[in-house]
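What follows is one structure encoded as structure tokens, with my remarks underneath.
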Amino acid sequence: PTDGRTVLIGSRDFATTEGQAVALAADGGGWSALAPLPQGRAGVGVAACQGKLYMLGGSIMKNGHAADALDVYDPQRAQWSTGPAYPFPVMGPGLIAEEDRLYAIAGSSNAFGNGFSFRPEVHVLDPQVGKWERLAAKPRGRESMGITVLDGKIFAFGGRADGGYHDTVDIYDIKTDSWSSDTPMPVGKAWLDACTVDGRIFALGGAYGRGAPQGGYVWIDDLHEFVP
């Protein structure tokens, strides 16, 4: 949420570099278009922090490469600006805000083709300082996880890596800069979402690949609550 609105952003289609952002008013008054994205990208990390919306990394759909860009939307000025670039190009990172700082977790580099790798690195950004700082790495490289935060801990659910879809639950303790693991999810999956509502953690949706010979994906409509 930004200024009480829900914002949806992303690339319009697979072959274009155009991008669009739309907002849904808190009163349910319908969707309205915001300023176009500086660049259309898929697999971005998105979070609201200090009254602004941040969009990190993602795949540049026209050439299939990951981006290191951080784009910043100011709802008061209704315009985008450029933030400090990430230390490396990344697609599918987890991005979440806590105590006015942005945490970027894992992801992958080189969206398609040779050199595709899953990254465990974690960085934090204070937008007022404008410099990414490295933190303790995630135990496993992943992309397209579900990310949420509760009581100073960041929860990373599932994700994709090395051709597999994972059920892992990794927990980052901001105070101690350390990771731990907890009970796995019922099924391994990526492209899921996670949220915290009234002190309760939920993981929902997602998909996993069928593999050969069937191919394609199994899209999941499950909603589970995680109890730390």
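Here the side chains of Tyr86 and Leu125 are not in contact, with every heavy-atom distance at 4.5 Å or above. At a threshold of 4.5 Å between non-hydrogen side-chain atoms, the residues Trp179 and Val122 count as touching. Residues Leu70 and Tyr54 have side chains in contact (heavy-atom distance under 4.5 Å, counting atoms from C-beta outward). His224 has its side chain out of reach of Leu204: every pair of non-hydrogen atoms, C-beta onward, lies at least 4.5 Å apart. In this structure, Pro93 and Leu56 have side chains that are in contact, with non-hydrogen atoms separated by less than 4.5 Å. Contact annotation: the side chain of Val187 approaches that of Tyr208 to within less than 4.5 Å [non-hydrogen atoms, C-beta and beyond]. A heavy-atom distance below 4.5 Å is found between the side chains of Val169 and Met185. The shortest side-chain heavy-atom distance between Gln50 and Asp126 falls under the 4.5 Å cut-off.
By the criterion of side-chain heavy atoms lying less than 4.5 angstrom apart, applied directly or through intervening Ile, Leu, Val, Met, Phe, Trp or Tyr residues, Phe118 is not grouped with Phe88; the two fall into different hydrophobic clusters. Under the 4.5 Å side-chain heavy-atom criterion for ILVMFWY residues, no single connected hydrophobic cluster contains both Met145 and Phe155. Cluster annotation: Ile105 is not connected to Leu95 through the hydrophobic network of ILVMFWY side chains, with a link wherever side-chain heavy atoms come within less than 4.5 Å. Phe226 and Ile154 are assigned to two separate hydrophobic clusters, defined by single-linkage of ILVMFWY side chains at heavy-atom distances under 4.5 Å. Cluster annotation: Val149 and Phe202 are assigned to distinct hydrophobic clusters (Ile/Leu/Val/Met/Phe/Trp/Tyr, side-chain heavy-atom contacts under 4.5 Å, transitive).
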### Task
Would you please test Thr148 and Phe157 for side chain to side chain contact (heavy atoms under 4.5 Å, CB included) and show each step?
CA-CA 9 Å; Thr148 192; Phe157 296 94; 4.2 Å; yes
### Message
Would Lys153 and Ile174 count as a side chain to side chain contact (heavy atoms under 4.5 Å, CB included) here? Give the steps.
### Response
CA-CA 6 Å; Lys153 296 182 179 180; Ile174 294 173; over 6 Å; no
### Query
Can you check salt bridge (charged side-chain N to carboxylate O under 4.0 Å, His left out) on Asp222 and Lys189, steps first, answer last?
CA-CA 11 Å; Asp222 291 345; Lys189 56 184 177 178; 5.6 Å; no
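The number of heavy-atom neighbours closer than 6.0 Å to CD of Glu225, taken from other residues, nucleotides and ligands shown, is above 12. Environment of OH in Tyr217: sparse, with no more than 12 heavy atoms of neighbouring residues, nucleotides or ligands closer than 6.0 Å. Environment of CZ in Arg101: sparse, with no more than 12 heavy atoms of neighbouring residues, nucleotides or ligands closer than 6.0 Å.
By the 30° and 60° cut-offs, the orientation of the rings of Trp132 relative to His123 is perpendicular.
A distance of 4.0 Å separates CE of Met91 from OG of Ser108, quoted to the nearest 0.5 Å. Ser59 contributes atom OG, which lies 9.5 Å from atom CD of Glu143 (distance to the nearest 0.5 angstrom). Taking CD1 of Ile201 as the start and OG1 of Thr196 as the end, the distance is 5.0 Å to the nearest 0.5 Å. To the nearest 0.5 Å, atom CG of residue Leu223 and atom CG of residue Asp193 are 11.0 Å apart. One distance of note links OH of Tyr103 with CD of Glu98; it measures 7.0 Å at 0.5 Å rounding.
Neither side chain, Ser178 nor Asp173, offers a donor N or O lying under 3.5 Å from an acceptor on the other. Checked by atom type, the side-chain pair Arg119/Ser109 shows a donor-acceptor distance below 3.5 Å.
Of all the heavy atoms in Cys49 and Ala97, the pair that sits closest is CB-CB, 3.8 Å. For the residue pair Trp80 and Ala35, the shortest heavy atom distance occurs at NE1-O, 3.0 Å. The nearest pair of heavy atoms linking Ala194 to Gly146 is CB-C, 3.9 Å. Scanning both residues, Ser181 and Arg140, for their nearest heavy atoms gives OG-NH1, 3.6 Å. Of all the heavy atoms in Pro89 and Ala66, the pair that sits closest is CB-O, 3.5 Å. Closest of all the heavy-atom pairs between Tyr165 and Gly209 is CE1-N, 3.1 Å.
The closest donor-acceptor contact from the side chain of Asp71 to the backbone of Thr82 lies at 3.5 Å or more, if one exists at all.
Applying side-chain contact (heavy atoms from CB on, under 4.5 Å) to Leu53 and the options Leu34, Asp74, Val46 leaves one that passes, Val46.
In this view, Arg142 satisfies the salt bridge (charged side-chain N to carboxylate O under 4.0 Å, His left out) rule with no residue, not counting sequence neighbours.
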